[in-house]
Amino acid sequence: MNRLSYPQKFTLIGFLFAIPLTLVMYLLISEINSRVDFAQKEIYGNEYLRPLRQLREYIPKLQLLNYQALNRNLTNLDARRNLEAKIEANFQSLANTDRRLGKTLVSSDKFNNLYQNWQNFQLRRSQWSIETYDIVYQKLALDINRLSVHVGDTSNLILDPDLDTYYLMDATLLKIPEMQKILSEIRRVSQKSSARSDATPEERAKLITLADKLRELNQDLTINMEVGFSNNPHGNLRKKLSERLTNFNSVVEQLTTQLDKLINPTALVEYDAYLDGSDRVLDSSFELWDETLNELDFLLQKRIDTFVTKQNVIYIFVLIILAIVLYLFVSFYRSVMQTVFVLDEASKKMASGNLDHKIILDNRDELGQVVGSFNKIADALVGANQKITVLNDRLKAENVRMSAELDVTRKIQQMLLPKDRELKEVIGLDIAGFMEAADEVGGDYYDVLQHEGRVKIGIGDVTGHGLESGVLMIMVQTAVRTLLAYNEPDPVRFLTAINSVIYDNVQRMKSDKNASLALLDYQQGMLKLSGQHEEMIVVRCNGCVERFDTIDLGFPIGLDADIAEFVAEKSVQLYSGDVVVLYTDGITEAKNMEKLLYGLERLIEVVQINWQRSPAEIRDAVIKDVRSHIGEQKVFDDITLLVIKQK
């Protein structure tokens, strides 16, 4: 963010603000639109059900008229033709509705099948007996019912989420059509029995069963409609439908009461009463169905209007919020840029030497505090400028002194390193060493000492670098030489004594420094390794590489008062031509410009390539390869390398 200008920052903030807002708006509007589409699809379903309702009314009537036509004693051709014309007109109306809504409601196949059955019915009905006619009529009624149920499914009518509209749909789609089906069956059985002037026991039983079903459905309808009335926020249902529902319940109750008399085997079958009662109930059911569907459309349209109103309110609210946010963004940006401009001008004047310049800005926010702080800084700079001049003079003198002290320490370090003459005097070994500090004073240590036939080789790394690390390194070197001069042969006591001295001095210095230290005792081809440091690399005279981990051979020096229990020793037999390489992590952790480490594997590879050469040549090859890896990257750690070869 600090690399972006304020216009870029404001653009980025605005973009990040707009993303969730747009997403939330999209999801919210999509949800509202989906609910609008849901309700609109229900309205489409109701629109489709209206012509189907006419078919449910006319086709049962046509069946009764055809019963009369098949009955030699009854005939009414004009009424039948008029009714067939109404049905045909109704089919045409349904076809027009299907052309508009069939794709949405996926109803065209079922409608075409229904219409084809109707046309087949018209062509062949004169050839059928009453039994065949009943079967064909039942198929037509079943097709109408299937189409109605299918439209209810595909138009979401069966899934409505509100109780009032749900129970209205339950009435128009399930309960009332089922009751009409029962009423048509009562009429059919009554008409069929009247043709014989008698009813069989089976027909009596069927009428009683149909009456029971009709009563049960009437009770369910009443209960469900009452639930819908009680959960009607608009309050229109009870006022519009209550009276018509009561009338419907009443005529149903009258009809079922008449049919209940058939339970008595000696009771007369009142055909005309059943037919008249069924007609009254059917007429009342269709009136209730029509009024219920109208109220359902009203509620669905109200729901859509409510969603559209919410959508418009959301649009207006978001536009107002966006206008306010835009105003705040612009105002804040102008305020910030004005302050930045004033501060920039003031800083230029101060840079030119005018430290007395004051900024006057009428801001009471945090930017005003920044301006006030800037003025205070300007006042402080006037007084501090003189103090800085005095301090600079003192600092120059101090730097000269510190530089001299560091130079002395660095020279002492270099003086304490083993000289080439000393290395050449070591019996049985050819040795080459290298050490380069990352700063003026380093924290790495190596030494090669020979005393009374024993050769002691040490290598270590003090944490960090600089003056403090360099002093600690000198302490370690002094302690090693002292103990060697007193012929201490035991590695545990040797390292424990060094640790005790260094630990006390570190505590006295109040320093957090510590050092890794590995000591090698060499005598007549046998190398004994103790202390914790980096791995020791041994390239045998046949070119094979062996690596010796020192993690379990010691403990960091100066970290704990007593390390005796951690010190161990490992023996390595050297043969003529074997090469031993000791190093500090300044080599393996050297980084190039891409931050890649030099690594132990690469060090081993270089040594393995050059192991037949002299230690000095092996050393030079490694140092050259390390410098090549580092390139122009700054050296962050001391680099130390010791190459030993068995003569």
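Positions are given from 1 along the sequence.
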_Assess, by modelled atom type and distance only, whether the side chains of Thr165 and Arg303 contain a donor and an acceptor separated by less than 3.5 Å._
yes
*Quick check, are the ring centers of Phe121 and Trp118 under 6.0 angstrom apart?*
yes
>> If the threshold is 4.0 Å, N to carboxylate O, is there a salt bridge linking Asp290 and Arg50?
In response: no
query = Which class fits the ring pair Phe111 and Phe91: parallel under 30°, tilted 30 to 60°, perpendicular over 60°?
reply = tilted
(message) I'd like to know if Lys175 pairs up with Asp170 as an ion pair, taking the criterion as any Lys NZ or Arg NE/NH1/NH2 lying under 4.0 Å from an Asp or Glu carboxylate oxygen.
(response) yes
Does Gln116, at its CD atom, have more than 12 non-hydrogen atoms belonging to other residues, nucleotides or ligands within less than 6.0 Å?
no
When you measure from the side chain of Ser284 to the backbone of Arg280, do you find a donor-acceptor pair of N or O atoms at a distance under 3.5 Å? no
Could you check whether Ser285 and Gln180, counting side-chain N and O atoms only, form a donor-acceptor pair closer than 3.5 Å?
yes
CZ of Phe298 to CG of Leu300, rounded to nearest 0.5 Å, is 11.0 Å
Item to complete: Look at the side chain of Ser230 and the backbone N and O of Glu226, then say whether any donor-acceptor pair between them is shorter than 3.5 Å.
Response: yes
Could you tell me whether Lys240 atom NZ has more than 12 heavy atoms of other residues or ligands within 6.0 Å of it? no
| query | With the threshold set at 4.0 Å, does a side-chain nitrogen-carboxylate oxygen contact exist between Glu202 and Lys206? | reply | no
Review point. Can we say Lys181 and Glu185 salt-bridge, meaning some charged N sits less than 4.0 Å from an Asp/Glu carboxylate O?
Key: no
| Side-chain donor-acceptor pair present, Glu295, Asn236, cut-off under 3.5 Å | yes
- Task: For the residue pair Gln254 and Gln258, confirm or rule out a side-chain donor-acceptor distance under 3.5 Å.
- Result: no
### Task
Spell out, as yes or no, whether a donor-acceptor pair under 3.5 Å connects the side chain of Asp162 to the backbone of Asp164.
no
Under 3.5 Å, side chain of Ser93 to main-chain N/O of Ala89, donor-acceptor pair present? no
Original post:
Quick check: does any side chain N or O of Thr172 sit under 3.5 Å from a backbone N or O of Met169, one acting as donor and the other as acceptor?
Top reply: yes
